[in-house]
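Step one of this worksheet: look at the structure below.
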Amino acid sequence: MALQITTARPDPALLDLPWSTPLEDWPEHHLAALPRGISRHVVRFVRLSGRVLAVKEIKEDIARREYEMLRNLRRLDQPSVEPFGIVSGRIDADGNPLDACLLTRHLKFSLPYRALFSQGLRPGTETRLIDALAVLLVRLHLMGFFWGDVSLSNTLFRRDAGSFAAYLVDAETGELFARLSDGQRAHDLDIARVNIAGELMDLQAGELLDEDVDPVAISNRIVTRYEELWVELTVTEEFDTGERWRVEERIRRLNSLGFDVDELAITTDIDGTTISIQPKVVDAGHHSRRLLRLTGLDVGENQARRLLNDLDSYRAGMDRQNDDEELVAHDWLTRIYEPITRRVPRELSGKLEPAELFHEVLEHRWYMAEREQHDVAIERAIEDYVASILPSKPDEVSVVGVDTVEMPVIADVPRRP
Amino acid sequence: MLDEPCTPMCAGFSLYNGSSGTFLPVKEGKDAMATVKFDESTRIYPGNDSPSVDRLNIDVQDGEFLVLVGPSGSGKSTALRMLAGLEEVNGGKIWIGDRDVTNLSPKDRDVAMVFQNYALYPHMSVADNMGFALKIAGVDKAEIRKRVEEAAKILDLEPYLERKPKALSGGQRQRVAMGRAIVRSPQVFLMDEPLSNLDAKLRVQTRTQIASLQRRLGVTTVYVTHDQVEAMTMGDRIAVLKDGILQQVATPREMYDSPANVFVAGFIGSPAMNLISVPVADGGVKFGSHTLEVPRDSLKGAGSNAIVGVRPEDVEVTTDGQGLEITVDVVEELGADAYVYGTPSDESISLEGGEDTIAKPFIARVDGRRVPRKGDKIWVQPNASHMHVFNAESGARLSS
Ligand SMILES: Nc1ncnc2c1ncn2[C@@H]1O[C@H](COP(=O)(O)OP(=O)(O)OP(=O)(O)O)[C@@H](O)[C@H]1O
Ligand SMILES: Nc1ncnc2c1ncn2[C@@H]1O[C@H](COP(=O)(O)OP(=O)(O)OP(=O)(O)O)[C@@H](O)[C@H]1O
Ligand SMILES: [Mg+2]
Ligand SMILES: [Mg+2]
């Protein structure tokens, strides 16, 4: 059996990796020491042609299933890690077969929850993580995806303008359906609740999380947040025909949650006195898509909202309300956004993703203005930020040396001596 | 109640081996009877014309290990998901004990899906790893400790309760994960192909472990697999599904000895039963040169043809000119005996269950001291007391 590589982007450098060695024993020089969540399989990060790939050693049929599932999720515009390929037909030096490897692209600036906690977080971070996970779960469920293993470990978090955006990382147990039943949604939610509580209790046992935090209370939050969101997104609303503005308001509320309304089922009763509306929500990412269209910047939803606000105030400040939106956006990009984000010295550029940095600079400017009691130019804000704040931030392209664990749960396999 | 909880092993089932484990009932104090009843239960997926599970009727006894088995797409997972509350029921009902659970949410059903990717938490002791879900459910400390210790005893994990999972072997870790489900003491365990991730050798080990564990716990269990060998070795009873329709529910022994129809006959047992369409004759059926006697009553509903079924071990090699002539294609030596794979010399005879391009071989188990060679011609006929006859049209069993 020959080594078989399945990938949409063939890269000859893949052949230089030591496929005939069990992943556990790969030499250091191939590896990137990035943090990971808890997993039952061996997972390692490798550097390859300037990018970082996550490699998971797993049975071939499961690898193929997960690869296809991740491809489907990407096609459906769901926030998940990007599949890169599968390597199968591996054989060790003695001719014994080795499990296949699933390759995914390392999600840049992503933080496993364990890494976040070991950084010593601001109070309340736990709840913001849960909120982000609730949004992710609602999105996936709307799409008909049953996850089957919802947990903090199977989610990656990216900073998103002060809060977090959640991405799916482990699709092994996932299944796509035309529509999920209430039972399936409830089951996923129950799995999430139990897993989250367990993960937080584990952090407490490891003294990574304050004893005062109540894991059970926080894990219950996934249920309440999820249900609030689900209702907001799917419920049918009824009102008098005189209150048409409520249609508009509903759409705005949905947009501000980051969802788009694809179509709105509006039904009027026979005598025409009440209207009921039910939105068909397609997808989160309203703001990020608008920003992408205007500027080509591909950023998180909250970051996009922040950037769009700045773009809007730039437009108002320049008095260009009547100009083409695309034109103004282009000027804003080249005159404000790019110069500011380029002001970061090279050695500090791994600290924060550019859009998050821009968001932080805007925040920083606001604090400075409040302190000084007058407007502060953004150029001064970035200078001050780079000098006083940025250096003390942890490096987030590659957070190193935090507690990560693998816990293979399989019956005893004879190991080579 | 089950008349006789009999595993394939205790029935002296010789095709498969395994250990039956000791029966240690640990359910004292649990009063509710955890029977499961599929009552005309039907599931039609939106957009499909035909049901994926069609008026399913199965009564699972308290403490029984029931295996749902069938080929891919036969509706096993759908049936299990209906019981778990993950799939809507479009017709009929589902009962657990005397509760109608048809419309209950999954967590209100008191069932546990076992072997869903249970993670182990590195900083928590083995005891906490097993018991933390009870803590979330608000169970008090003393009760948690009691249940964890009971489960640890059954799982041979007692000495390790205060250790961290890192200090355990892979097999012990797997048992800790099982412990997480056991301490919840649900009324019913549900398992959907739990062994599919394991390689062949581990699968055999683990399935005997699960079967013996289930018997020690005595918790009603519904288990899904597409593998008939797994079904035969694990189940107290087996339910065979095909196209969403229940074909037969029976103990492995009954299923093997009197399959209800041609499908079950061909599906259960390996190597598979030989199934041949033959003409009905006066007082029996024609099998090559011979007329095999079949009681007149059984042949009443049959048309001009019937299907004769004979398992490889029930094939008798006769003297030349008697029965059916087979040309030997392959011989598989097993020592004490051998399997012979051949083709009927009469080309008009073909075996049921073959595909368009691949004819199904006739398989016979023969004495290891009288093994024919490739290319030889042998004459065979069924052992009269172990012969199966089925209706050629409906597939239903005709012989008793
Ligand atoms: N593409 C990626 N980018 C960043 N991190 C990743 C990526 N892929 C995997 N990881 C990290 O590796 C960890 C383990 O990966 P994964 O959850 O897929 O493994 P697993 O063995 O299937 O887990 P489980 O035990 O939940 O089944 C994740 O928690 C995540 O932190
Ligand atoms: N969500 C769905 N929507 C539509 N049809 C479905 C859905 N899930 C399953 N089916 C169909 O229902 C039938 C039964 O599927 P099910 O998954 O229950 O079979 P199974 O016996 O478990 O098969 P396998 O061994 O392949 O898992 C199949 O024909 C399948 O295509
Ligand atoms: Mg995982
Ligand atoms: Mg996984």
Side-chain angles (χ1 to χ4, degrees), chain A residues 37-41 58-59 61-62 97 99 114 146 148-149 151-154 170 172-173 175 177-191 193-208 215-216 219-220 403-413 415, chain B residues 43 45-48 77 81-82 84-89 103-109 113 115-125 128-129 131-133 135-138 164-166 168-178 180 184 192 195-199 201-203 205-206 209:
Chain A
I38 306 176
S39 68
R40 291 163 312 143
H41 302 101
I58 189 167
K59 273 188 56 188
D61 51 339
I62 307 176
D99 273 343
R114 301 179 83 81
F146 174 74
D149 196 12
S151 68
L152 293 171
S153 271
N154 287 338
D170 185 342
E172 191 187 330
T173 47
E175 271 180 90
F177 296 87
R179 193 185 71 87
L180 292 189
S181 69
D182 289 347
Q184 283 169 319
R185 294 193 300 111
H187 189 50
D188 244 3
L189 206 50
D190 200 48
I191 292 171
R193 195 177 57 85
V194 174
N195 280 341
I196 291 169
E199 289 170 315
L200 295 177
M201 286 176 186
D202 183 54
L203 288 175
Q204 280 182 335
E207 294 178 354
L208 291 166
V216 176
S219 69
N220 285 333
D403 154 76
T404 53
V405 195
E406 244 137 46
M407 199 72 64
V409 183
I410 47 165
D412 296 286
V413 193
R415 294 246 96 219
Chain B
R43 172 65 179 152
Y45 284 104
N48 287 8
S77 298
R81 289 205 295 254
M82 289 161 80
L86 300 181
E87 211 62 82
E88 276 158 44
V89 176
N103 297 309
L104 287 188
S105 115
K107 65 175 191 306
D108 299 328
R109 296 189 179 207
M113 285 275 219
F115 287 123
Q116 269 175 334
N117 289 12
Y118 281 152
L120 291 185
Y121 299 114
H123 298 299
M124 280 164 33
S125 66
D128 287 342
N129 264 288
F132 82 93
K135 195 164 148 193
I136 303 171
K164 298 282 159 61
K166 258 229 138 105
L168 299 185
S169 74
Q172 289 166 336
R173 285 180 198 163
Q174 200 172 36
R175 298 209 294 279
V176 176
M178 288 190 212
R180 227 179 110 174
R184 285 182 45 199
D192 192 346
L195 310 181
S196 55
N197 293 0
L198 306 179
D199 66 37
K201 206 170 101 218
L202 284 175
R203 199 148 55 213
Q205 264 173 32
T206 314
Q209 272 173 20

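A, B, ... follow the sequence lines: proteins, then strands. Residue 1 opens every chain.
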Item checked: Between CG on residue A:Asp190 and CE on residue B:Met113, distance to nearest 0.5 Å -> 12.0 Å
Note to self: For the CD atom of B:Glu88 and the CZ atom of A:Arg179, what is their distance to the nearest 0.5 Å?
What the structure shows: 5.5 Å
Margin query: For A:Val194, which atoms come within 4.5 Å of any heavy atom of chain B: side chain, backbone, both, or neither?
Written below: both
Notebook entry, point to check: Rounded to the nearest 0.5 Å, what separation is found between the CD atom of A:Glu207 and the NE2 atom of B:His123?
Noted result: 9.5 Å
Check: If you count heavy-atom pairs under 4.5 Å with chain A, which of B:Ala137, B:Ser125, B:Pro106 comes out on top?
Finding: B:Pro106
Checklist line | Side-chain heavy-atom pair A:Asp182, B:Ser105 within 4.5 angstrom cut-off | finding: no
Notebook entry, point to check: For B:Tyr121 and A:Leu200, what are the C-alpha separation, side-chain angles and deciding distance, and is it a side-chain contact (heavy atoms from CB on, under 4.5 Å)?
Noted result: CA-CA 10 Å; B:Tyr121 299 114; A:Leu200 295 177; over 6 Å; no
Next item on the list: Working to the nearest 0.5 Å, report the span between CZ of B:Arg81 and CD of A:Gln184.
Entry: 6.5 Å
Note to self: Which atoms of A:Arg185 are under 4.5 Å from chain B, going by heavy atoms: the side chain, the backbone, both sets, or neither?
What the structure shows: neither
Note to self: Can you tell me which portion of A:Glu199 sits under 4.5 Å from chain B's heavy atoms? Options are side chain, backbone, both or neither.
What the structure shows: both
Margin query: If you define the side chain from C-beta out and look only at heavy atoms, does anything of B:Ser77 sit under 4.5 Å from A:Glu175?
Written below: no
Next item on the list: Applying side-chain contact (heavy atoms from CB on, under 4.5 Å), run through A:Val216 and B:Lys135 and close with a yes or a no.
Entry: CA-CA 9 Å; A:Val216 176; B:Lys135 195 164 148 193; 5.8 Å; no
Next item on the list: Kindly check if the number of other-residue, nucleotide or ligand heavy atoms within 6.0 Å of NZ (B:Lys107) is above 12?
Entry: no
